[in-house]
Amino acid sequence: MSIIEIRALTVKYARRKLAALNQLSLHVQKGETVLLLGPSGSGKSTLALTLNGLLPQAVGELREGSVHIAGLDTQEHSVADLAQTVGILFQDPDAQFATLKVEDEIVFGLENLGHDPHTMEARIQQALADVGAAALRERPVSALSGGEKQRVALASLLAMQPEVLIFDEPTANLDSMGTQQVFALLAELKSRGEHTLVLIEHKLDELMHLIDRVVVLNPQGGILADGAPRHIFDDFGPALQEMGVWMPQVAMLAHELRRQGVELPLFPITLGDAVRAFRPWVASVHPETVETAAPTTQSTPAMQVKDLSFSYGDLSALQSVSIQINKGDFLAIVGANGAGKTTLAKHLMGILRPPLGAIALEGGEFTDIPTKAVARKIGYVFQNPEHQFVTETVWDEVAYGLRVMQEDDDTVTRKTQELLETFGLARYAKANPFTLSYGEKRRLSVASMLALGQDILILDEPTFGQDERNATALLEILRGLNQQGKTVIVVTHDMRLVLENANRVVAMSAGKVLFDGAPAELAGKPELLSEARLTLPPLARLSALLATEYPHLRNVLTLDNYLGLKH
Amino acid sequence: MAKKEKKSWSTRDLLVTIVIGLAFGVLLIPVTWAYAGLLSLGGIFTRTILGGLYFLPAAFAAYVMRKPGATLLASVLSALPSMLGPYGLIVLMIGGLIGLVAELFGWLLTRYRNFSTLRMLWFGVASGITVYLLILGSMLRTTAFEPSILIAALLVSAIVFGLCSVIAKYLANSVAKTGVLANTALGETTADEI
Amino acid sequence: MQTLYQPYDSPLHRLNPLSKLLVSIPQMTLMLLVSEPWTPLAFVVLTSLNLLILGRVSLRRFLRLLWPLLVLVFLFTALYPFLVRQTLVQHTPLLFEWGIIKLYQGGLYLALVTGLRIMGLLISSLPFSITSDSADFVRALVQQAHLPYRIGYSTLAAFRFVPMLQSEMSVVQAAHRVRGVDSQPGWRGSLERLRRSAVPLLTTAIRQAERTALAMDARAFGAHKHRSYFRRMRFKTWDWIYILGSWILSGLILLALRYFGLLGSLHVLQIL
Ligand SMILES: Nc1ncnc2c1ncn2[C@@H]1O[C@H](COP(=O)(O)OP(=O)(O)OP(=O)(O)O)[C@@H](O)[C@H]1O
Ligand SMILES: Nc1ncnc2c1ncn2[C@@H]1O[C@H](COP(=O)(O)OP(=O)(O)OP(=O)(O)O)[C@@H](O)[C@H]1O
Ligand SMILES: [Mg+2]
Ligand SMILES: [Mg+2]
């Protein structure tokens, strides 16, 4: 019998014309591990909420059809009853805690169900052991790292002993180490075979070996494809790319090669597959080392940081950091959660006032320049775009900066129009900035920064939480600006972004600069990577695996590098 | 689908109301310090004006949530972040007092249905006068102000509370435009289908 | 929430939070009522001893906690005499005169009283606030004071938002500075400023609250009228000893002050 039975389900949110899910039918067998994919807004999270009855009992309307979990109709059984069968791990670790301490958090659900203290003690120990977090029991949740938070949140679900576990982008806020931790947990759960797992996730390469089945939603909230992973990524690949859905990187490469007429012996979806699938082709390319284009920037300094240290109270966040940023650089700042990246970026903008002599802007002393004047030279995009909105329409948002510059009305109108068109926002001119989608908000915050025409641009985690299409679009814009001679500085966790775009990378760890140089050079230093708690993106790891046999693959790190190999 | 009864409190209603209180509480922390500073200067008018700001969370919650209890809850919680300030637990009492008065007039004047700007104004004015009289009444014996000054301060209090009430409505409408209030009583009355 | 609480093992820490509140609240009320310096002084000393001995607060931390209060009280005492309403103090001896600045003995006295009372008010809540865990406090309120558990636990969940909101506030201000935001003078400018900082703050807070509410519902929060508790809060023997002991001691202090004629008349809400 299927444990999840969804029949012709149509779901609508209040005051939305379009249904979020449309005549969707899905059966999942006990013990299956299902990956749910779909473009942003296709209804993945909505589907997750219908599975434990939160929809329709707390949000949304169930218009047609039915959902049964382990034989229970979600409309007839309360969320509380269903909570013992279904558990959801949400994206934001901070938004799912109800209490202040790990132990309290784990008993929270059990207390709500009225269990007695003896069962609770046994369940706490079991749940914490299951996620390898027994040592965290007495900690306050505020003192946990992102990865630890997700473990504890999962333990609090496991304590209720649900058969079905749903993961809605559990790693979106984590650095690569935290992500690995969560994936290891998933593998552990899967190997025990007691649970049915439904995953919504973007980072796919490391996950594919766990997946039994992939279900793809279409933008209308129906099912586009449903089947074995290899079949889906092989046959529906182009359609997925078209919709902007993330795919395993190795599958992307396979499709690109197929377009060039290369036949592979096997369609790869995991790294292991990829080594076998690409070996014959790699053997056929010219054994000529790819010359990594040496970074060709002028070495006129735009900003210089000398011996900068900073602490928040007792906590030292930066320890004698020295770097030089040249005009025309595309500089990436990488490192684990809490390494001090944002703190450094804030000093570059003067949001945190640097001490005298620590930072020079175009050769001049930074502290001498008033914030207002700094804002004309440097643009800063905060991690959360909503923080920067100051007006009530998209148009005013972009025009605001121009008015601050005291441009005349005609110039303001013309430049605003231009910028909105460049960023694909022209049709939202009258909308309230907060109502845009996440990707659009991010682009608007960049557009409104650019209105001032600064030469240096600092962006904190620009692609965080974006779908494939939005991420690509944003980076194209940044690369374009960089080619026009602007200096771009990005703080990011995404090593693929770094390898594909940056000409320089600064790797930080515990407030210190560990590495400063070309991305390809960093990629070739495994000890440094692990010290900075970084992992290479899948394609770079693939070439590292293949390079033992084919040394000419050593510097092949990105999709473009692969496609550039000569026959 | 059977819509939940309007008067019942879902977990979401509770948390949203509480967080409205806390968010205003954070905005009001500097006000509490300014109030304490002015205390030593004896500026009865400035103090009355600042006091009116404590009405913002009550009016905001009344306008957004439109159900009994929201006003009191938000008002009490807006006092929590200031508890580390110069008044300690006393701010909680003031929060409770303003909340109770506002709850009473919210019920009398709006019936949780009519929230026109005029009603909001009266709601604030009535609450301002009552709060002022309650506090003043308890300290009449000790105050040394001329009656004329006391009456002037009463007027100031009424005006400030009234204004804050209208400002709360304006703020709530601004927030509603961002779409986050779609699931509240206010959201149900305003948002368009998109 | 950013609280003064520091976990430690001391007699005060081990008490039920409600017992500490039952001692603090009457003391604070008393501070609101008195109009002479001796009672506040007595209670400031009593509470300090309580903190240092029963609370095992180190002298260093005690002074660190106290110095902002001392500065406030000092400023009060220094400024108040000159600003106090002259009609109240004109009948007392003039101590000092320089141009229009006049220092009356009555003014100085009033300043001292007010300063000490504020000090007493603030310090009397410290034994509660620096030794009580918020979660225990909520548990005690729900289990013993019959606060509806849905309100208690929703508040506890929202507590974590306060530091987030505070840092959010400063980030929003920095973000606006970076955009070259000018604040216009006048009330329109102030209103605009309020909207600009309040809207993003409320928007993120409400969105976060909705997510947390869903996560709580998903773990059966509010499903039943009653819930069980892993940790039970009770009044133990030491709680009764602390409560009754403090009340009796306070009563004795008041009687002694009265006996020596130092306890003046009581008034309501003089310092608001
Ligand atoms: N609470 C809500 N109220 C109104 N509309 C909503 C609500 N939640 C989601 N929607 C809408 O329903 C649709 C499906 O949203 P959903 O969050 O399920 O998408 P998703 O596939 O999870 O997207 P993403 O990858 O961006 O998380 C979207 O158009 C979204 O705007
Ligand atoms: N306002 C603050 N007050 C106190 N400590 C802070 C503050 N901001 C950051 N920190 C601490 O300083 C250290 C560096 O923080 P920072 O935000 O610079 O890290 P990051 O590298 O940007 O991390 P992430 O990848 O998680 O964004 C962390 O340990 C963090 O907890
Ligand atoms: Mg989603
Ligand atoms: Mg950061």
Side-chain angles (χ1 to χ4, degrees), chain B residues 9-27 29 35-37 39-43 47 51 56 60 64 73 77 80-81 83-90 93-94 135-139 141-145 167 170-172 174-175 177-181 183-184, chain C residues 1-4 24-25 28 32 35 69 72 75-76 79-80 83-85 87-88 114 118 121-122 124-126 128-129 150-151 154-155 157-159 161-162 165-166 168-169 191 194-195 197-199 201-203 205-210 212-214 216-217 221-222 267-272:
Chain B
W9 283 81
S10 65
T11 310
R12 182 186 20 222
D13 294 338
L14 266 173
L15 265 146
V16 168
T17 310
I18 288 171
V19 111
I20 286 173
L22 289 176
F24 275 101
V26 168
L27 285 168
I29 291 176
Y35 191 99
L39 179 61
S40 64
L41 304 182
R47 259 162 54 207
L56 281 173
F60 191 96
V64 169
L73 187 60
L77 278 146
L80 275 185
M83 281 202 345
L84 298 184
Y87 290 101
L89 285 169
I90 305 297
M93 278 171 46
I94 301 299
I135 292 181
L136 182 79
S138 59
M139 55 183 208
R141 271 195 312 158
T142 54
T143 191
F145 285 109
I167 290 174
Y170 159 77
L171 278 180
S174 281
V175 174
K177 280 188 211 145
T178 71
V180 292
L181 294 177
N183 295 306
T184 62
Chain C
M1 180 160 91
Q2 187 70 40
T3 57
L4 294 175
S24 287
I25 288 179
M28 284 193 311
L32 284 177
S35 54
L69 303 190
L72 193 76
L75 280 179
F76 249 84
L79 287 175
Y80 205 81
L83 298 160
V84 80
R85 301 179 287 281
T87 43
L88 276 183
T114 316
I118 292 203
L121 197 63
L122 289 173
S124 60
S125 61
L126 284 185
F128 166 76
S129 49
R150 293 180 64 214
I151 294 183
S154 301
T155 307
F159 257 33
F161 296 175
V162 176
L165 291 174
Q166 274 166 335
E168 196 92 338
M169 214 22 208
L191 190 60
L194 178 65
R195 187 189 69 74
S197 48
V199 170
L201 196 70
L202 284 161
T203 312
I206 290 170
R207 212 173 271 145
Q208 190 84 350
E210 293 197 322
T212 304
L214 282 189
M216 288 167 78
D217 278 342
F221 182 66
H267 301 293
V268 181
L269 294 175
Q270 309 160 74
I271 56 165
L272 287 170

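Labels below follow one simple rule: chain letters A, B, ... track the order of the sequence lines, proteins then strands, and each chain is numbered from 1. Here the structure is a predicted model, which means the values were calculated and not measured.
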Fill in: Test item: B:L15 and C:E210 side chains (from C-beta on) under 4.5 Å apart, heavy atoms
no
Discussion item. For the CZ atom of C:F159 and the CG atom of B:L22, what is their distance to the nearest 0.5 Å?
Written reply: 8.0 Å
Worksheet, complete the sentence: Highest number of heavy-atom pairs under 4.5 Å with chain B among C:T203, C:T212, C:V199 belongs to C:T203
Worksheet item: What residue in C:I25, C:T155, C:L126 has the most heavy-atom pairs under 4.5 Å with chain B?
Response: C:T155
Item to complete: Indicate yes or no for a side-chain donor-acceptor contact from B:R12 to the backbone of C:D217 under 3.5 Å, with no hydrogens or angles considered.
Response: no
Discussion item. What's the separation between atom CG in C:L165 and atom CZ in B:F24, rounded to the nearest 0.5 Å?
Written reply: 11.5 Å
Worksheet item: Got a second to check how far C:L202's CG is from B:T178's OG1, nearest 0.5 Å?
Response: 9.0 Å
Worksheet item: With a 4.5 Å heavy-atom cut-off, do B:V19 and C:Q208 have their side chains touching?
Response: no
Worksheet item: Would B:I18 and C:F161 count as a side chain to side chain contact (heavy atoms under 4.5 Å, CB included) if you check the C-alpha gap in whole Å, the side-chain angles of each, and the deciding distance to 0.1 Å?
Response: CA-CA 10 Å; B:I18 288 171; C:F161 296 175; over 6 Å; no
Worksheet item: B:V26, B:I167, B:L73: which one forms the most heavy-atom pairs within less than 4.5 Å of chain C?
Response: B:V26
Worksheet item: Top residue by heavy-atom pair count (under 4.5 Å) with chain C, among B:I20, B:I29, B:L77, B:V175?
Response: B:V175
Discussion item. Heavy-atom pairs under 4.5 Å with chain B - which of C:R207, C:R150, C:E168 has more of them than the others?
Written reply: C:R150
Worksheet entry | Nearest heavy atoms of C:L201 and B:A23, plus distance in Å | CD2-O, 3.8 Å
